[in-house]
Amino acid sequence: MKAVLCKAFGPADTLVLEEIASPELKKNEILIDVFAAAVNFPDTLIIEGKYQFKPPFPFSPGGEAAGIVAAVGEKVSHLKPGDRVMALTGWGSFAEQVAAPAYNVMPIPKGIDFNTAAAFGMTYGTSMHALKQRANLKAGETLLVLGASGGVGLAAVEIGKAMGARVIAAASSADKLAVAKAAGADALINYNEENLKERVKELTGGQGADVIYDPVGGDLFDAAIRSIAWNGRLLVVGFASGRIPELPVNLALLKGASVVGVFWGSFAQRQPQDNLANFQQLFAWYAEGKLKPLVSQTFPLERAADAINALATRQAVGKVVVEVR
């Protein structure tokens with residue numbers, strides 16, 4: 001089979017496309033013929049050795065995939081060859097086949113194509129877990145979403161609206177904010193042109209945001225924690241800016257605020273039934289038209305490096321997908 005390989009840590013341009021053997025299937029795994037694989041921020045880190053997991057060389061990046069079941073291990077009973085599925089793989093999806101643990105594979109609902117399914121799992125799973133289990137977001141609360149035009153950011157905007165929140169979308173340009181507005185955001189902040197803290201205060205009558213969704217980190221975290229409401233919750237989702245911020249804990253004390261970590265991958269493994277319930281709700285919202293995953297760019301497998309670079313350089317909004325077949 002063909003696979004995009006990382007043979008040494010480095011930039012995306014060092015990835016190579018080669019013929020390799022198909023994965024060996026374990027008893028609790030599912031072998032998937034990959035049709036589409038989405039690009040996510042961890043892909044930009046894992047190939048440079050900056051992610052918390054460092055697979056042995058050579059490995060293929062790609063943390064989520066959609067395709068058709070080719071074979072199942074002897075301990076797998078909920079899926080069979082021929083089923084359309086989406087999977088969280090960690091890595092390995094930029095290839096014609098990938099083996100994934102059975103608990104990380106679920107059927108694709110009718111009406112969802114492979115590109116959309118590949119772009120759905122990680123971003124919507126992360127944002128749903130963040131807003132439901134970690135923030136306990138309530139209808140009527142104000143949700144501030146940083147990086148609101150990215151994959152997880154747009155998902156957070158849509159899910160926040162579906163949960164009944166007032167959503168303030170913050171991004172770095174008018175074009176990106178227009179995407180967030182189309183996803184349902186109630187108010188917009190261009191943090192390259194406006195003071196985030198002051199603008200949030202203006203939009204909330206001085207109260208601040210009840211929940212802040214932060215996949216960016218860096219300077220935006222520093223400003224966001226100062227714009228949080230009493231009893232607010234700041235969700236630490238990621239560090240796309242490249243800098244892991246430090247928290248002045250006196251700010252959490254003065255606001256009675258919580259800074260809450262979000263690690264959906266671990267949640268999905270530790271609380272599979274809660275994760276399944278989350279996806280059942282997400283799929284219901286999708287069927288109702290409340291969620292509309294945005295795939296803004298697609299690339300063939302041989303251009304997987306370009307797909308990663310499009311995400312890493314923030315050229316893309318929504319999701320970038322590698323079409324494998």
Side-chain angles (χ1 to χ4, degrees), residues 1-23 32-67 86-100 113-123 126 147 149-154 172-173 175-176 179 215-216 238-243 265 293-325:
M1 70 171 190
K2 292 180 180 178
V4 173
L5 298 179
C6 176
K7 294 186 171 183
F9 292 133
D13 294 341
T14 62
L15 298 174
V16 295
L17 180 66
E18 292 187 1
E19 287 280 347
I20 63 170
S22 295
I32 302 167
D33 287 333
V34 179
F35 279 68
V39 184
N40 293 283
F41 185 63
D43 297 318
T44 70
L45 301 177
I46 199 168
I47 61 173
E48 297 192 8
K50 298 177 181 178
Y51 198 52
Q52 53 257 50
F53 302 117
K54 294 180 174 62
F57 297 119
F59 68 90
S60 178
E64 61 180 335
M86 50 196 288
L88 177 70
T89 61
W91 58 86
S93 291
F94 292 175
E96 290 182 325
Q97 287 188 320
V98 65
D113 60 41
F114 287 124
N115 283 5
T116 301
F120 196 99
M122 191 174 292
T123 49
T126 296
S149 70
V152 290
L154 277 177
S172 61
S173 72
D175 289 344
K176 290 181 177 181
V179 173
V216 182
F239 313 104
S241 69
R243 179 173 74 84
L294 174 62
V295 176
S296 63
Q297 296 187 46
T298 61
F299 295 83
L301 184 61
E302 59 268 23
R303 292 186 59 201
D306 293 334
I308 292 175
N309 284 330
L311 184 72
T313 58
R314 297 174 178 81
Q315 298 173 27
V317 295
K319 294 297 289 281
V320 177
V321 167
V322 174
E323 296 180 325
V324 179
R325 297 174 189 269

Indicate yes or no for a side-chain donor-acceptor contact from T123 to the backbone of A119 under 3.5 Å, with no hydrogens or angles considered. yes
pair V324-F35: side-chain heavy atoms closer than 4.5 Å: no
Walk me through it: do E64 and K319 pass the test salt bridge (charged side-chain N to carboxylate O under 4.0 Å, His left out)? CA-CA 12 Å; E64 61 180 335; K319 294 297 289 281; 2.9 Å; yes
For S296 and A316, work out which heavy atoms get closest and say how close. OG-CB, 3.8 Å
Measure from the side-chain N and O atoms of S241 to the backbone N and O of V216, and report whether any donor-acceptor pair falls under 3.5 Å. yes
Under 3.5 Å, sequence neighbours excluded: what are the donor-acceptor pairs made by side chains of residues 86-95?
from: T89; atom 1: OG1; to: G62; atom 2: O; distance (Å): 2.9
from: T89; atom 1: OG1; to: G63; atom 2: O; distance (Å): 3.2
from: T89; atom 1: OG1; to: W91; atom 2: O; distance (Å): 3.4
from: T89; atom 1: OG1; to: S93; atom 2: OG; distance (Å): 2.7
from: S93; atom 1: OG; to: G62; atom 2: O; distance (Å): 3.2

Return the CZ to OG1 distance between R303 and T298, rounded to the nearest 0.5 Å. 9.0 Å
Nearest heavy-atom approach of F114 to A66 is O-CB, 3.4 Å
Output for pair (I47 CD1, T14 OG1), nearest 0.5 Å, gives 6.0 Å
Any donor-acceptor pair under 3.5 Å linking the side chain of D113 with the backbone of N115? yes
Can you check whether I46 reaches P55 side chain to side chain, under 4.5 Å on heavy atoms? yes
To the nearest 0.5 Å, how far apart are CG in D306 and CG in L15? 10.5 Å
Can you confirm if the aromatic rings of F9 and F57 lie within a centre distance of less than 6.0 Å? yes
From CA spacing to verdict: side-chain contact (heavy atoms from CB on, under 4.5 Å), F59, L5: CA-CA 5 Å; F59 68 90; L5 298 179; over 6 Å; no
Keeping to residues at least two apart or across chains, list the salt bridge (Lys or Arg N to Asp or Glu O under 4.0 Å) pairs with something in residues 10-22. K7-E18
When rounded to the nearest 0.5 angstrom, what is the spacing between CG in L154 and NZ in K176? 11.0 Å
Please give me the minimum heavy-atom distance between P23 and V98, naming the atom from each residue. CG-CA, 4.2 Å
Any V39 side-chain heavy atom under 4.5 Å of V321 side chain: no
Flag, side chain of E96 to backbone of K2, donor-acceptor distance under 3.5 Å: yes
Exercise: identify the closest heavy-atom pair between S22 and M1: CA-SD, 4.1 Å
Expected output: side-chain S60 to main-chain V4 donor-acceptor under 3.5 Å: yes
For residues 32-51, pull every pair meeting salt bridge (Lys or Arg N to Asp or Glu O under 4.0 Å), keeping only residues two or more places apart or in separate chains. D33-R325, E48-K50
